[in-house]
4 protein chains.
Amino acid sequence: MGDGSGRRDEIIAIATRLIASRGYSSTTVRDIADEAGILSGSLYHHFSSKEAVLQEILRAFMGDTLAHFERIVASEGSYREHLDQLIEHAFLTIEQRPDEVRIYQNETGFMMTQPGFEFLADGAARIEELWLEQITAGQADGAFRDSVDPRLAFRFIRDAVWSTVFWYRPGGSHTAASVSENYLELLHAGLLAD
Amino acid sequence: MGDGSGRRDEIIAIATRLIASRGYSSTTVRDIADEAGILSGSLYHHFSSKEAVLQEILRAFMGDTLAHFERIVASEGSYREHLDQLIEHAFLTIEQRPDEVRIYQNETGFMMTQPGFEFLADGAARIEELWLEQITAGQADGAFRDSVDPRLAFRFIRDAVWSTVFWYRPGGSHTAASVSENYLELLHAGLLAD
Amino acid sequence: MGDGSGRRDEIIAIATRLIASRGYSSTTVRDIADEAGILSGSLYHHFSSKEAVLQEILRAFMGDTLAHFERIVASEGSYREHLDQLIEHAFLTIEQRPDEVRIYQNETGFMMTQPGFEFLADGAARIEELWLEQITAGQADGAFRDSVDPRLAFRFIRDAVWSTVFWYRPGGSHTAASVSENYLELLHAGLLAD
Amino acid sequence: MGDGSGRRDEIIAIATRLIASRGYSSTTVRDIADEAGILSGSLYHHFSSKEAVLQEILRAFMGDTLAHFERIVASEGSYREHLDQLIEHAFLTIEQRPDEVRIYQNETGFMMTQPGFEFLADGAARIEELWLEQITAGQADGAFRDSVDPRLAFRFIRDAVWSTVFWYRPGGSHTAASVSENYLELLHAGLLAD
DNA sequence: GATGAATGAGCCTTCATTCAT
DNA sequence: TATGAATGAAGGCTCATTCAT
């Protein structure tokens with residue numbers, strides 16, 4: 001990752017920015033080529049199709065995210081610490097690679113079922129499995145409230161956290177860290193006063 | 001609402017279903033016309049443009065949602081009760097009008113800035129304001145934990161709740177009511193065991 | 001001519017105004033119907049087609065013009081007086097029925113060859129014939145310079161005069177009468193000083 | 001002028017012929033593409049829109065005409081000689097580039113006010129100015145009859161001369177030169193015998 | 001006379017993709 | 001690697017016209 005043929009990486013970077021802001025189907029091959037300073041037909045020397053570009057973007061994102069998640073749950077620490085780290089890593093990703101997160105959030109739903117994008121469903125399944133293990137184990141050892149369906153808890157957290165990419169803007173009234181902190185507090189203890 | 005000219009309403013219903021499942025830009029005027037049993041050009045007897053169809057769908061949805069929300073906060077009850085009712089109404093809407101919710105979730109981001117869709121930004125702003133009033137008032141009277149930024153709390157809830165439309169399917173292992181119940185518990189008391 | 005069924009005449013009047021200002025092919029049946037306060041389909045109770053409307057406008061215009069021209073050349077007076085009267089009548093028509101003149105000038109070229117519009121070519125031929133008689137006769141009796149091809153003289157005058165409809169606007173620096181006067185002087189004696 | 005990219009020039013030539021004979025709005029992009037032996041969509045590789053084609057045709061015509069006119073009035077010679085040369089150049093243009101003249105005559109009225117076609121009004125204004133200078137100067141030095149409004153004289157000549165494009169056909173009973181000669185005589189000395 | 005709904009043909013334009021050079 | 005030209009399919013939309021009510 002990173003040793004790519006220069007031009008290819010440039011194009012991926014441009015495509016990522018464009019697709020994140022306009023959506024995949026509204027971003028044309030010409031848009032991408034224009035910003036790369038070449039003709040649209042010339043893109044096909046680097047990628048076999050428009051879909052292949054998206055695939056590459058999503059595959060890299062999914063791979064990295066999964067790898068990080070696996071590393072976290074494999075590390076030392078309590079289930080609660082793991083959960084917090086998973087969440088914190090999500091916020092870190094949103095801060096560092098917002099375009100990829102936006103693309104993932106926007107396009108994954110429609111693409112997941114397309115041929116060639118099976119890795120999306122597979123990855124998502126593995127991620128859910130991995131979170132579920134932490135939550136159920138944490139419920140079993142008394143760390144987490146066990147009246148809540150683990151699957152629902154996972155989706156609750158996942159959706160709340162990753163959705164922040166659509167409105168969080170660095171330089172606003174919150175830093176990524178302060179959003180993370182607030183969210184963790186809500187997640188830990190809820191909204192009701194003690 | 002309800003007195004519609006029959007054919008128009010039929011077309012809106014078809015368009016709603018199609019746009020919800022394929023996305024606005026991937027749904028063609030021909031798709032809609034085909035399902036309505038007419039030629040694509042004939043759609044323009046009923047609507048001035050494809051965008052006008054989307055506008056009508058979103059406007060109705062936004063209007064109804066806003067009206068319900070206003071009614072809830074204007075009703076008797078504590079801030080906490082109001083918040084719970086707002087959330088429960090969201091889940092009810094997701095159950096009863098999932099296609100409209102899906103469309104709203106998917107298309108609002110890109111459309112909000114388009115001319116003719118100003119009502120989206122206006123409505124969203126009013127909704128945020130209305131939730132914020134409940135949260136801040138509830139913090140002031142001690143019902144809600146006041147260490148959390150009300151705006152972040154609102155977005156946290158909003159994103160977690162409305163996102164369920166993308167994966168909740170009636171007839172699965174959860175009813176809308178049980179999802180609602182689990183989410184409320186998490187929201188109230190958090191994930192950590194007492 | 002003139003006793004028409006009210007509604008018909010209204011529609012003809014509207015169509016005349018519209019076609020004069022936008023051109024025949026850019027004026028839609030809907031444009032006309034809108035201004036008449038009816039639906040476009042309802043126009044077909046009055047006219048069998050869009051072309052029929054144009055035909056009626058042009059037929060009336062051609063008929064009136066031809067009738068006037070015939071009356072002039074049949075009246076008492078010298079060839080030169082006749083020629084002046086023909087020209088003056090053209091200016092009068094431009095002042096009183098500019099929309100019809102504009103339509104005639106714009107659409108006649110393309111329409112003349114269409115089936116149903118043979119009256120245009122026929123009328124134009126009769127008009128040319130009628131002018132030519134005056135010019136050749138005037139040349140024969142010494143009133144007109146005979147070094148000029150009569151046919152060219154006719155077209156020269158016709159084109160110069162009728163073209164004024166495209167730029168003459170009442171209320172400007174010239175009245176129709178003063179334009180007529182200037183043109184007659186140029187036509188009589190030319191631009192060169194004596 | 002002349003270095004054009006081959007294909008582009010071919011297409012412009014085809015479009016010029018077609019638009020001249022059918023009118024701009026009745027000439028379809030398909031018509032043009034068919035004659036060029038390509039698909040209609042392929043035209044957009046060369047031109048950004050149908051309007052852009054018309055714009056290019058008219059811009060070239062206006063530019064050339066204006067340049068010639070400027071050269072004439074800047075040359076040595078009396079006002080009368082200049083005027084005659086202006087007229088003769090118009091006839092030459094009609095003979096050599098009749099399609100462009102036809103398009104200019106037919107479409108300029110409606111297009112002049114469209115965005116992107118401002119050069120038409122600008123050019124027309126400059127041409128009028130340039131003719132007016134000759135006429136008024138010629139009146140001042142006694143060459144031209146000064147009882148005629150120069151503006152009316154200009155329009156009289158302009159309309160009579162350029163209108164010939166609609167009926168002049170080479171190979172008929174007149175050559176362009178003989179039409180030119182007759183018109184000049186009429187313009188110089190009028191129709192009345194001395 | 002008019003409405004309301006629809007037809008059918010066609011229009012301009014966009015876009016991913018291909019391929020000879 | 002890139003260009004330049006083109007394809008082929010489709011897309012949103014317009015418009016004259018028809019016809020049952």
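Numbers restart at 1 for each chain; the letters A, B, ... are given by sequence-line order, proteins then strands. Predicted model only: the values in this text are computed from it and were never measured.
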| query | Taking the side chain from E118(C) and the backbone from G116(C), do they hold a donor-acceptor pair closer than 3.5 Å? | reply | yes
| task | Can you tell me the distance, in whole Å, between the CG atom of L43(B) and the C1' atom of dC13(F)? | result | 11 Å
| query | Rounded to the nearest Å, what distance is computed from the CG atom of residue D34(C) to the C1' atom of nucleotide dC15(F)? | reply | 13 Å
| remark: L54(D) atom CG is separated from dC11(E) atom P, nearest whole Å, by 17 Å
| said: A quick test of your reading: do over 12 heavy atoms of other residues, nucleotides or ligands sit less than 6.0 Å from CZ of R30(C)? | reply: no
| Between N106(D) and F166(D), is a side-chain contact (heavy atoms from CB on, under 4.5 Å) present by the stated rule, with each step listed? | CA-CA 10 Å; N106(D) 279 324; F166(D) 292 124; 3.8 Å; yes
| request: State, yes or no, whether a side-chain contact exists between R22(C) and D31(C) at a heavy-atom distance under 4.5 Å. | output: yes
| remark: Counting only Watson-Crick and G-U wobble pairs with both atom distances below 3.5 Å, the stems of 3 or more consecutive pairs that include DNA chain F are E:2-21 with F:2-21
| task | May I have the distance from I38(C) (atom CD1) to dA2(E) (atom P), rounded to whole angstrom? | result | 6 Å
| Can you find a heavy atom in the side chain of E35(D) that is under 4.5 Å from one in the side chain of I11(D)? | no
| Spacing between L39(B) atom CG and dG8(E) atom P, to the nearest angstrom | 6 Å
| request: Would you please name every residue forming a side-chain contact (heavy atoms from CB on, under 4.5 Å) with A124(D), sequence neighbours left out? | output: Y104(D)
| query | Can you check the L18(C) CG to dA16(F) C1' distance for me, whole Å? | reply | 16 Å
| field | Y44(C) six-ring face occupied by K50(C) cation (under 6.0 Å, within 45°) | value | no
| request: Would you indicate, yes or no, if dA5(F) has its OP1 or OP2 atom less than 4.0 angstrom from a side-chain nitrogen or oxygen of R8(D)? | output: no
| query | Would R7(D) and E10(D) pass as an ion pair if we require N to O under 4.0 Å? | reply | yes
| task | Report yes if at least one side-chain N or O of H46(A) is closer than 4.0 Å to OP1 or OP2 of dA2(F); otherwise report no. | result | yes
| Contact state string [nucleotides 13-21 of chain E, B base, S sugar-phosphate only, - no protein heavy atom under 4.0 Å] | BBSSBB---
| message | Without decimals, in angstroms, what is the distance between E10(B) CD and dG4(E) P? | response | 17 Å
| Nearest-0.5 Å distance, CD of residue E107(C) to CG of residue L120(C) | 10.5 Å
